[in-house]
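Worksheet: one structure, shown below.
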Protein chains: 2
Amino acid sequence: MAKTTAPRTTAATNAATTAAATTIAKQQAGRPASGDGRVRAVIDAVLPNVDCGRFAVKRIAGDSVRVRAHCFTDGHDVLRVMLLWRDEDQPQMHEVPMQPLGNDVWAAEFVPPVPGRYRYSVSAWVDAFQSWRHEMARRVDAADIRLASRIGAAEIAAIAERARGADKKTLSRWAKDLESAAADVALDVPSLKSLALNEELTLLAANYPDRTLATQFPLELPLVADRERARFSTWYELFPRSASPVEGKHGTFRDVEARLPAIAAMGFDVLYFPPIHPIGREQRKGPNNALGAGPGDVGSPWAIGAAEGGHKSILAELGTAADFRRLLARAREAGLEIALDIAFQCAPDHPYVKAHPSWFRRRPDGSVQYAENPPKKYQDIYPFNFETEDWRALWAELKSVIDHWIGEGVKIFRVDNPHTKPFAFWEWAIGEIRRSHPEVIFLAEAFTRPKVMHRLAKLGFSQSYTYFTWRNNKSELVDYFTELSSSPGIDYFRPNVWPNTPDILHEQLQRGEPAMFMSRLVLAATLSANYGIYGPAFELREHVPREPGSEEYLNSEKYQLRTWNHADPQSLAPFVARVNRIRHDNVALQADTSLRFLTIDNDQLVAYCKRSDDGSNVIVTVVNLDPHNVQSGWLSLDPGQIGVEPSHWFQMHDLLSNQRFLWQGGRHFVQLNPHVVPAHIFVVRRRLRDERDFDYFL
Amino acid sequence: MAKTTAPRTTAATNAATTAAATTIAKQQAGRPASGDGRVRAVIDAVLPNVDCGRFAVKRIAGDSVRVRAHCFTDGHDVLRVMLLWRDEDQPQMHEVPMQPLGNDVWAAEFVPPVPGRYRYSVSAWVDAFQSWRHEMARRVDAADIRLASRIGAAEIAAIAERARGADKKTLSRWAKDLESAAADVALDVPSLKSLALNEELTLLAANYPDRTLATQFPLELPLVADRERARFSTWYELFPRSASPVEGKHGTFRDVEARLPAIAAMGFDVLYFPPIHPIGREQRKGPNNALGAGPGDVGSPWAIGAAEGGHKSILAELGTAADFRRLLARAREAGLEIALDIAFQCAPDHPYVKAHPSWFRRRPDGSVQYAENPPKKYQDIYPFNFETEDWRALWAELKSVIDHWIGEGVKIFRVDNPHTKPFAFWEWAIGEIRRSHPEVIFLAEAFTRPKVMHRLAKLGFSQSYTYFTWRNNKSELVDYFTELSSSPGIDYFRPNVWPNTPDILHEQLQRGEPAMFMSRLVLAATLSANYGIYGPAFELREHVPREPGSEEYLNSEKYQLRTWNHADPQSLAPFVARVNRIRHDNVALQADTSLRFLTIDNDQLVAYCKRSDDGSNVIVTVVNLDPHNVQSGWLSLDPGQIGVEPSHWFQMHDLLSNQRFLWQGGRHFVQLNPHVVPAHIFVVRRRLRDERDFDYFL
């Protein structure tokens, strides 16, 4: 395992762990942070942090990171607080003075310039000179002021000691002047006081604080800065083998190339493929997951590996490695990134099975243990045995699979069922990979229990699948997305929501109503900055389940070739394009932190608001959840929430219908006909003349 | 500073701090907790904890501590989770198996037997045998079951290896039997399955798990167990010098002895004195805080120290050290503990000023810097200079003051303005003292900003003064006490609420209405398990402010002797006694965690509920905040909340008026006449025959 870092031995880590416990124990014993009892500043909390720094906070390179800390000291002295931050690989710290927000909360911001890992911490100290000045300003008694001036002169002299160059001179002069002025009984008190409080010289003195007794927050909190796509991405999933326009013909990468313009025109920026590797022949599944496969059956792409190769190989029918690289380039030209599927499991004829028998469990009859969840069996899949003695080699090999595709130019990976592999493996693999490739993005396909999904997000996955598909009525949507846009998850869990996937055809879509497809699309696209659809099944409204009550598609692409009629006049492609265009043009929809739900007095209507950080772009979305009936209601809209003066008129421009409404005040009537468009996506225009008013459908 | 531990040097602590940061960094690098990649259990959170273990969680010795943890593993394997806890001074851990509550939350309890410091942590591992059994139970295919039986037999054999004595024999026998049964084609599958799943043997096997790959939570979280009085105490503050029945005569400890029966009869258990030390003569204050003191003026007890002694001495007028010890003994006999005031500041003639000039700031004119908050001056008080080079000796001496009074038998201290001394000093001093005297209780008198008060509670103060005195209307009371009884404060901040203090005569009390005194007393006594009054001013309804708009008492005992007419027929003493008797008889009122406010449709009425941990004792309190008018309203009372069946009748027994009401269902009419009693304190009686029904006023 040459280039990878091996997990350290038990002894070593335990030592470090004990050290942590010991530090905390020591701190409890009441030793002041720096060991010197004269250290008086307290830093009680530094936010954001994930589990006290056990995991990294996630942000975006180029976006400002706002850090807050609770800082104070005993008595009435004046505190100064400094934010410290650095690139994790660079020793030297940058400093930003923190400003008090009241209630002992201090804040400052920094901008991680490029994707990578960063550290931040806080330092605070009592400023004797500022404290003196604070009291001096409030003194009235003349004798007091003379005496205090002499104290101040001494303070300033001490500061001059620390000062450099011209400042040193200026400050020593000030100290002397104040000293003699204090002694000069002829001098009137106001003049003495104004000399002591000289603004300009005070600012100069502030550059040379005495930080020898500063409190240092004991931890450097970790932060991961991703590239923007981790925060804002629009995914399109397709099966390359169904990309052929010719009925029954196996699709190729070249066929996909032909689709690129249409997919780009729909406004997607990530094109995700299920596994593109050789598919096992042993125990291959037939159409609709039938046990035995016929001669012509193509099998499931997730049954990875055959004699000709495994996770680093490409299914011959799709094309060559060269074809794949060519597709990557063409996609890039079209503004699309290719995302691959990482599914760490093997078909029975995967080369690993022979080459590394110790990576799989054997049964007493000598056979290899296939995947099962009794009484269910998946004989076409062999799971890895992560408890093998040879786990180091297994980890290294699996990581090398990802490294291989990064080498080919892939920078986004959708990971299949990460929650069925050890968490420690992912934390190690993602950590190592992002150290050398901080631009790589990992999406966790873990449809499982909440705490498991959160752990995967904490340990390094950039984005996570969610329960969106099963959150359908108003209260479910409000509760779930309120949770997703709130602490603690907001600092590490980035939702990527999907109205459908090859595994999930939700009952709601099984009637095929366009209104339902449209409303689910608008919800996904406007509630979450990261979303995707499984197409062409989505825009062509594929909706027949394998059997009643099933969420599986009938004749699913997972087990057979399909041919799609992209020319279908009923296709939702234009609607998808419009929605994605709106996302692209409105930064408010490109992040999740600002989401706020609005009150509307109809349970079939859900309304919410998103705004850009600078407040210049505000989007209000209203969706009719009822695919059959016109629904209307009164929307409560606090003008302040959308940055409008209560008395002012403002224009609500529906970017879907291009209708414009002139509104004023806090309550507004809204009506949506699902047979036309089941949603409004309003941009709030405060100036009625707006160059963007007319730039749709041109 | 012989017996005290000096704070460690900067270098050393920084090393430890860095070690902590390093551990976290290492953990981020993704190394599995134990360093072995086969460790698959995850412990994502252990609760309760205060700032990830930086500070200790507070509980009571003898009370059960409930620990929860978020634990899970990859895949479907069965997890086992163990709570570990130990006395901080004992290396060996006690273990309690944790039970799953669903949603990956596991819980267990332990009881710290005696006051002291404890540590707790969690260990979790994947149980191969239980996982095998879980699958076996669901298997239906006969061939599968035979094969799985052989796997199980091997697992059981491995367990037998670890087993001891008879168990070893029993388990090996089971392994052999299962092995041969699996091979016996004649044996029917149900019998084979039942042998494999044998309940009794499974329980036996569970005693010998393989924990070599267990995950250990990296920290041992600290917990402080106090004695019960830290959770439930009833304080009475008085000035011993005003205890004399003779007008103008300086009261003595002997006079206080004479008051003990009356104070005990009112149901108090802590008797707290302002400082009892010699009072400075220089700059002594006269009555009503007048600048110059007359010859007969006694000065402020907080101006501590004179030629004859300081913080370890007793004011001669009060009595001798022997008198004080005698008073402690008498108080103990009466069920009262004496609490002393710790006020770390000096009168100008305190012996420290001469003996330790470096402990005080000098002004350029050579004078000692007195306390000031410009333009205010407090010439009779010299604050310590905690930034002195000699801080180690200062810390040691101040701690020795507390040690001295502990030596005299005092175990409760009310600390005056702790927030004007360094936080690190208190954390060190309280930590050191409680190491040798875990029974000692510290009350922080810090009427300051929220985060400062919380920090003092975190670093070790057992109880804290609150804003109760200034929380007067319904919404203020509901918001504040909801916060006080919620996380995170509930784990470390114990409120001790006071309707009045020698420093605070709230405007509400300045009209002297009995109803207002009574309602404030009932609120304090039932909202908070720890409360106190400053008497006799309270029960005698002292209510004249020094001047309009002031919260200072006119002719305050802080600056002069007072004589009190305990025989006043208007005295509230009997009412105070009744309220304290109710607290004493009802465990629901002896803790704060169960407080829940109830809905009542009148802003002048506030209602809330408290229940004992076992639910056997439920108290519902309703208070009329309007001292002038009868107020009535409808109280919403969810029967489940008070542990009664919705359909059942239950009796609400008002322990104040001894009235009994028969209630049923969720809405009830309540009416309170402030001119009679402004509150109900109901105990909920589910059985109408209740031996306690008649035990009042007998």
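What you see is a predicted model; the values in this text were computed from it and never measured. Proteins come first, then strands; the chains are lettered A, B, ... in the order of their sequence lines, and each starts at number 1.
Each of A/H76, A/R138, A/H134 has some count of heavy-atom pairs under 4.5 Å with chain B, and the biggest count is that of A/R138. Per-residue counts of heavy-atom pairs under 4.5 Å with chain A were compared for B/R40, B/E372, B/E387, B/E389; the largest is that of B/E387. Listed options B/A182, B/P374, B/A148 were ranked by heavy-atom pairs under 4.5 angstrom with chain A; first place goes to B/P374. Across A/L221, A/V105, A/N373, A/V140, the residue that shares the most heavy-atom pairs under 4.5 angstrom with chain B is A/N373. Contacts with chain B were tallied for A/G75, A/P418, A/P422; A/P422 has the most, counting heavy-atom pairs under 4.5 Å.
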Stepwise ring-ring contact (aromatic ring centres under 6.0 Å, His included) test for A/H454 and A/Y492: CA-CA 8 Å; A/H454 273 255; A/Y492 60 82; 5.5 Å; yes
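Residue contact with chain B, scored on non-hydrogen atoms closer than 4.5 Å, is absent for A/D77. For a residue to count as touching a neighbouring chain, one of its non-hydrogen atoms must lie under 4.5 Å from one of that chain's; by this rule A/K451 touches chain B with backbone and side chain alike. Of the two parts of A/S121, neither the backbone nor the side chain holds a non-hydrogen atom closer than 4.5 Å to a non-hydrogen atom of chain B. Using a 4.5 Å cut-off between heavy atoms, B/N103 contacts chain A through both its backbone and its side chain. For A/D144, the part lying under 4.5 angstrom from a heavy atom of chain B is the side chain only. For chain B, the nearby part of A/V42 is the side chain; its heavy atoms alone come within less than 4.5 Å. At a 4.5 Å heavy-atom cutoff, A/T448 makes no contact with chain B through either its backbone or its side chain.
Contact of the B/H419 side chain with the B/L456 side chain is registered, since non-hydrogen atoms from C-beta on lie closer than 4.5 Å.
A/F461 has its ring centre less than 6.0 Å from the ring centre of A/W426.
Of the listed residues (B/R54, B/K458, B/K421), just one forms a salt bridge (Lys or Arg N to Asp or Glu O under 4.0 Å) with B/E427, and that residue is B/R54.
A salt bridge between B/K377 and A/D141 is present, with a side-chain N of the basic residue lying under 4.0 Å from a carboxylate O of the acidic one.
Interatomic distance, A/R117 CZ to A/E88 CD, rounded to the nearest 0.5 Å: 4.5 Å. Note that CZ of A/F72 is 10.5 Å distant from CG of A/D74, once rounded to the nearest 0.5 Å. One distance of note links CG of A/L223 with OH of A/Y118; it measures 8.5 Å at 0.5 Å rounding.
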